[in-house]
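These notes concern the structure reproduced below.
Every value quoted in this text rests on a predicted model; they were computed, and no experiment measured them. The sequence lines fix the lettering, A, B, ..., with proteins before strands; numbering per chain opens at 1.
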There are 2 protein chains.
Amino acid sequence: MAKRKVGAAPTVYDVAGSAGVSIATVSRAIRSPDSVTPATRERVEEAIQRLGYVPSASARALADRRTGAYGLLLPGFDDIEDAVEPVPSDGAVRITDDRGSRSPVGGAPLYFDEVLRGAEVEAWRHGSALLVAVRRGQRQDISGRVDGLAVFGRAMSEEAIGQVARRMPVVLIADEQAAPEIDSVSVDNARGMRAVVEHVVGVLGIRDLAYLAGPKDSPDDAVRRHGFAEALAAHGVDRRRLRMRHGDFGRARAAAVAAELLAERVPRALLCANDQSALGALDAIHAAGLRVPEDILVTGFDGIEAGGYASPPITTVRQPMRALGGAAIRALEARIADPTAPPQHLTLSVEVLLRESCPPTL
Amino acid sequence: MAKRKVGAAPTVYDVAGSAGVSIATVSRAIRSPDSVTPATRERVEEAIQRLGYVPSASARALADRRTGAYGLLLPGFDDIEDAVEPVPSDGAVRITDDRGSRSPVGGAPLYFDEVLRGAEVEAWRHGSALLVAVRRGQRQDISGRVDGLAVFGRAMSEEAIGQVARRMPVVLIADEQAAPEIDSVSVDNARGMRAVVEHVVGVLGIRDLAYLAGPKDSPDDAVRRHGFAEALAAHGVDRRRLRMRHGDFGRARAAAVAAELLAERVPRALLCANDQSALGALDAIHAAGLRVPEDILVTGFDGIEAGGYASPPITTVRQPMRALGGAAIRALEARIADPTAPPQHLTLSVEVLLRESCPPTL
DNA sequence: GTGAAAGCGCTAACAG
DNA sequence: CTGTTAGCGCTTTCAC
């Protein structure tokens, strides 16, 4: 058995030595098994097993001039730096009265998680790895490690995106404000919201609606709001009777805003820009002693899990989150395959899930 | 301005040429700015800006003999390959009656997402990147790309773990069955469950409990179950009066199992091995026309978001998920810093959140 | 303080 | 089919 420095990972040289062939043959046996004699291949494979050899992705990347990895850049959250201090168990278990309050976890993480999984699966199919980074200071040094970058709109400044795009393929995720020259994948926010209005106004015949929007600077919110207004106009609903307030996509703020709205006058239906807001609206509605859907209908948007567990379960527009992640990676692959193709902008379709908060019929 | 091959990313050579220095100096100016003259440093920095140079992580890794990245291996789910086919929007929005049914997304993803974020932040603090992979066929080729691997117990066979551990630091996450010689981080499942029993039996004075367990092969479940039984024994509750059933940690199965249990006889309290199961139990309880907490108390475990949105909100044991991810990466860093230290097994403390389904007092 | 040169582990011509 | 060899881009002695 060949001796080698202990502690150091075995290399092609070790394998070659151990199998009695050249390093080139080892490389071939691994990359294109058909190009070597079955006998040689077997000896190489044995040596690999024996040594526990794993190819160095770095060396391979250097020689190949491609890393075999894609990057996914997630937006950061304000609280992202918190709560990572591990608290070793000291035997005591803290007990907290959590009634009324809620754990601060928002719905957004689930959304990203699903996109991440879709992206990971697609990358894997392509034989690539997925590098995940969360936006923070300017350290976009991840760009030296990947062949392409999928970026959530809010995760990077337009300028930085342009900078990185000079060097490698970049695809924007869920950002319909996308720079027109950069590939993008997003979901059909406008049509989704229109379909909801269609149901409420067209099917249920309700014309007294209010809208609980998200933050004013959110592109997603803008598109949904627009879809809402447009559909309403199509039905000839008087714009002036329409009431709308801005929240921040968060549950707590939504509850406060909804409470104001209800205090003014209770609309027959309250459409919310996302599920978190709808959950907040539900809080306010219950606090006001109103019933859903009897007194007021509520709808959300996104399709987060918690929406289905609310009481009543919330009607929502489900985004194809996993597909979104997969599509982003595919866009990167396509761009690498053909760098000169015109920019692609893919829009995925959404699905309305009618649940108790705004049922199929009244 | 220096000409260079277009399309190819600039290298140290380009920067050196453009700045009129040697590549060694470029490297120094980047790695240890103090080791070069301020004037030189500035010229190098200018050249870097001008060229849009980004160091190649691969080349650096090769020279350094470390990749500057950690890997996180997540368990796969059966449905993970599904639903990644992007459906381009054709203008039509499907509308589905989703009452009663629920979207199939489980609570697990959220859990992993939080762990992932904790790990990413910690890796970033350490100047490293985080590579994410989901368990699939034997392709654990990710091990050639990272300096250490954090693995969820179920994500890799013991054998495979041992194999990888021969080559690089490995830390097991949330797997108390951990091989004793491999570092691990987990949460205090046993104490968490004991604290719940303590509350139900000790504080609320209830002695008629049932337990809804998870799958028989889950280490997490085993530990929680053990904590439950132990605490009960400590209070002298008759083991034979104790009823327990196994579910699969999923909501649907839990509902079915809980229904059987209730049909037999309704216990005063039903403790569940995780939140998903508790949600399922709630389904069965409501279907049976029983009220929570008046007729029966329910508790879960994990602290997933949906638990707080259920009606009533579910009392649970919150795991420090983000801290868990951070701790895993720290363990890797520690192991790299001192490869000879004895194996570390860190247990993080949990917190009981008392909510309406099992309130502080009756 | 700076430059020359020798690798890091692997791939891909190019010969044989 | 297999071996030799020249890089891939960067870090790091070792001289100067």
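- Between B:L62 and A:R41, it is A:R41 whose nearest contact on DNA chain D lies nearer the 5' terminus.
- B:T11 has no side-chain polar atom (N or O) that falls below the 4.0 Å cut-off from OP1 or OP2 of D:dG9.
- Between B:R60 and B:R31, some side-chain heavy-atom pair lies under the 4.5 Å cut-off.
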With the criterion being N/O to N/O and under 3.5 Å, what pairs connect the protein with nucleotides 13-16 of chain D, and how long is each?
none

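- Contact annotation for A:V26: no contact, since no heavy-atom pair falls under 4.0 Å across all strands.
- If you take CD1 of A:I23 and P of C:dA12, they are 12 Å apart, rounded to a whole angstrom.
- Counting only heavy atoms from C-beta outward, the side chains of A:P320 and A:V187 approach each other to under 4.5 Å.
- One axis for each end of the helix from C:dG1-D:dC16 to C:dG16-D:dC1, each built from five base pairs, and the angle between them comes to 40° at 10° resolution.
- One interatomic measurement links the two molecules: CG of B:D64 to P of C:dG7, which rounds to 17 Å at whole-angstrom precision.
- Contact check for B:L149 versus B:I142: side-chain heavy atoms found under the 4.5 Å cut-off.
- Within the 4.0 Å cut-off from OP1 or OP2 of C:dT2, not a single side-chain nitrogen or oxygen of B:S35 is found.
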Please table the atom pairs, donor to acceptor, closer than 3.5 Å between any side-chain atom in residues 333-342 of chain A and protein atoms at least two apart or in another chain.
residue	atom	partner	partner atom	Å
A:R335	NE	A:D183	OD2	2.8
A:R335	NH1	A:D338	O	3.2
A:R335	NH1	A:P339	O	3.3
A:R335	NH1	A:A341	O	2.8
A:R335	NH2	A:D183	OD1	2.9
A:R335	NH2	A:D183	OD2	3.2
A:R335	NH2	A:A341	O	3.4
A:R335	NH2	A:P342	O	3.2
A:D338	OD1	A:T340	N	3.0
A:D338	OD1	A:T340	OG1	2.9
A:D338	OD1	A:A341	N	3.2

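- Atom CD1 in B:I30 sits about 12 Å away from atom P in D:dT12, given to the nearest Å.
- Here the nucleotide nearest the side chain of B:R65, chosen from D:dT2, C:dC8, D:dC10, is C:dC8.
- Taking every side-chain heavy atom of B:S27 into account, D:dT11 is the closest of C:dG3, D:dT11, C:dT11.
- Taking atom CZ of residue A:R145 and atom P of nucleotide D:dC8, one finds them 22 Å apart after rounding to whole Å.
- A distance of 10.0 Å separates CG in B:L130 from CG in A:L130, rounded to the nearest 0.5 Å.
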Taking it one step at a time, do B:Y13 and B:V26 satisfy side chain to side chain contact (heavy atoms under 4.5 Å, CB included)?
-> CA-CA 9 Å; B:Y13 292 93; B:V26 173; over 6 Å; no
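- Atom OG in B:S186 sits 7.5 Å away from atom CG in B:L324 (nearest 0.5 Å).
- Atom CZ in B:R66 sits roughly 17 Å away from atom P in D:dC10 (whole-Å rounding).
- Taking the side chain of A:T40 as heavy atoms from C-beta on, and the options D:dC10, D:dT4, D:dC1, the nearest nucleotide is D:dC1.
- Rounded to an integer number of Å, the gap from CZ of A:R60 to P of C:dT11 is 4 Å.
- Within the model, atoms CG of A:D175 and CZ of A:F152 stand 10.5 Å from one another, a figure rounded to the nearest 0.5 Å.
- For A:Y13 and C:dC10, a side-chain-to-base donor-acceptor distance below 3.5 Å is present, hydrogens and geometry of angles not being considered.
- For B:T25, counting side-chain heavy atoms from C-beta on, the closest listed nucleotide (C:dC10, C:dG3, C:dA12) is C:dG3.
- Between the side chains of B:R167 and B:S143, not a single donor N or O lies within less than 3.5 Å of an accepting N or O.
- Using a 4.0 Å cut-off between charged nitrogen and carboxylate oxygen, A:R125 and A:E122 count as a salt-bridge pair.
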